[in-house]
Amino acid sequence: MKKMKERMDESILVCVYYGPNGERLIQRGCKIANMLDCPLYILTVDPKPFDDLDAEKSNYIARWKQLASEHSADAFIIKDNEQRPISKVIAEVAREKNITQIILGQTAQSRWEQIAKGSIINSLLREIPFVDLHIISVARFLKNPDRHFEKGVRAYLVKDNNNYRLIFKHTKDIEFEGIFFKEYGTDFNNGIFKFMKDKETLQVQVNENIVKDLTNVDMDTNLSSDDDFL
């Protein structure tokens, strides 16, 4: 028998899209909903009809439905064949379900990328100013389902002759600020440094604290592929 929620004055909506961050957002939403003992809803939006979705997207949806069931979410909502702006759809669901808190993922490489520019946030604040927005950073995770890297930590690059040196303390000499992902099983700082350069997200190789060049590392080919936002 489904447990009745005590706090009906609060209600959580988690917005997810395809990619590795969806599960993390759902888990965060479940944690907040459990703390508040309130209803939880999970929403995904797609411009294509549900029957036209490929196997990969269908698998994501199946997994999200499973998580929704495991965490006793009140509903998993799919808005397919949807041509309206995402903010309009989210606002509509928020009103229908009396949502008081919305959880979104911030990532530069997903359909929620507008969040980083502020457009979805600003639209939602105009549409539903009575709802609290939780913007969850997903930058501290890399595409690696086998967990070859530790959780990211804030780090910096400083110029070192023709190379760059990785440091962990902010100084006036830093060239770039980002997140360092250390490889498991290494005594040295070997791994990936992820940062923004000229409005582009780059991931570069670090070997024993040194970055020899700023060539982007393709995580889908050079390293493990991903399994994901919002």
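Numbering of residues begins at 1 and proceeds along the displayed sequence.
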>> Quick one, H170 and Y156 - any side-chain contact, counting heavy atoms below 4.5 Å?
In response: yes
> Quick check: does any side chain N or O of S123 sit under 3.5 Å from a backbone N or O of S87, one acting as donor and the other as acceptor?
Replying inline: no
> Quick one: CD1 on I103 to NE2 on H134, what's the gap to the nearest 0.5 Å?
Replying inline: 6.0 Å
> Can you name the closest pair of heavy atoms from W64 and E23 and give their distance?
Replying inline: NE1-N, 4.2 Å
> Can you name the nearest heavy-atom pair linking R84 to E82, along with the distance?
Replying inline: NE-OE2, 2.7 Å
> Can you name the nearest heavy-atom pair linking A68 to F76, along with the distance?
Replying inline: CB-CB, 4.2 Å
> Do you reckon L202 sits in the same ILVMFWY cluster as V158, going by side-chain contacts under 4.5 Å, direct or chained?
Replying inline: no
>> Assigning hydrophobic clusters by single linkage (Ile, Leu, Val, Met, Phe, Trp, Tyr; side-chain heavy-atom cutoff under 4.5 Å), is V153 placed with I167?
In response: no
>> Check for me whether the distance between the ring centres of F193 and F180 falls short of 6.0 Å.
In response: no
> Is there a path of hydrophobic side-chain contacts, each under 4.5 Å between heavy atoms of I, L, V, M, F, W or Y residues, that connects I174 with V206?
Replying inline: no
>> Once salt bridge (charged side-chain N to carboxylate O under 4.0 Å, His left out) is applied, do any residues pair with D160, and if so which ones, sequence neighbours excluded?
In response: R165
> Okay, side chain of E208, backbone of N190: is any donor-acceptor separation there less than 3.5 Å?
Replying inline: no
> What do you reckon, is NZ of K88 surrounded by more than 12 foreign heavy atoms closer than 6.0 Å?
Replying inline: no
> How many angstroms lie between CG in D173 and CG in L157, if you round to the nearest 0.5 Å?
Replying inline: 13.0 Å
>> As an exercise, state the distance from CD1 of I77 to OG1 of T44, rounded to the nearest 0.5 Å.
In response: 11.0 Å
> Where do F195 and E177 come nearest, in terms of heavy atoms and distance?
Replying inline: CB-O, 3.5 Å
> Is S11 close to P39 at the side-chain level, that is, under 4.5 Å between some pair of heavy atoms?
Replying inline: yes
> Side chains of F181 and K194: does their closest heavy-atom pair fall under 4.5 Å?
Replying inline: yes
> Of the non-hydrogen atoms in Q205 and V211, which two are nearest, and what is the gap between them?
Replying inline: O-CG2, 3.6 Å
> Side chain of N207, backbone of I210: donor and acceptor closer than 3.5 Å?
Replying inline: no
> So with a 6.0 Å cut-off around CZ of F188, is the heavy-atom count from everything else above 12?
Replying inline: no
> At what distance, to the nearest 0.5 angstrom, does CD1 of I12 lie from NZ of K97?
Replying inline: 15.0 Å
> What do the steps show when you test R63 against Q66 for side-chain hydrogen bond (donor to acceptor under 3.5 Å, both in side chains), and what is the final call?
Replying inline: CA-CA 5 Å; R63 175 55 178 160; Q66 179 184 356; 3.2 Å; yes
> Step by step, would you call Q101 with L13 a side chain to side chain contact (heavy atoms under 4.5 Å, CB included)?
Replying inline: CA-CA 6 Å; Q101 301 186 44; L13 176 65; over 6 Å; no
> Below 4.5 Å, heavy atoms only, C-beta onward: do F50 and K79 meet side chain to side chain?
Replying inline: no
>> Taking salt bridge (charged side-chain N to carboxylate O under 4.0 Å, His left out) as the definition, give me every residue that meets it alongside K48, ordered by chain and number, with sequence neighbours left out.
In response: none
> Would you say the side-chain atoms of S58 pair up with the backbone N or O of D54, donor to acceptor, closer than 3.5 Å?
Replying inline: yes
> Under a 4.5 Å cut-off applied to non-hydrogen side-chain atoms, are I128 and I102 in contact?
Replying inline: yes
>> Within 45 degrees of the ring normal and closer than 6.0 Å to the centroid, is that where the cationic atom of K159 sits relative to Y164?
In response: yes
> Between I32 and L40, is there a shared hydrophobic cluster once you connect ILVMFWY residues whose side-chain heavy atoms come closer than 4.5 Å?
Replying inline: yes
> Can you find a pair of side-chain heavy atoms, one from E96 and one from N98, that are under 4.5 Å apart?
Replying inline: no
> What is the minimum heavy-atom distance between T215 and V204, and which atoms define it?
Replying inline: O-CG1, 3.5 Å
>> Once rounded to the nearest 0.5 Å, what's the spacing between atom CD1 of I61 and atom CD1 of I42?
In response: 12.5 Å
>> Just so I know, are the side chains of R95 and I90 near enough to count as touching, which here means a heavy-atom distance under 4.5 Å?
In response: no
> Under the 3.5 angstrom rule, does the side chain of D46 hit a backbone N or O of D80 as a donor-acceptor pair?
Replying inline: no
>> Hydrophobic clusters here meaning ILVMFWY residues chained together by side-chain heavy-atom distances under 4.5 Å, can you tell me if M35 and V14 are in one?
In response: no
> If you round to the nearest 0.5 Å, how far is CG of L43 from SG of C15?
Replying inline: 5.0 Å
> Does the side chain of I26 reach to within under 4.5 Å of the side chain of V16, using non-hydrogen atoms?
Replying inline: yes
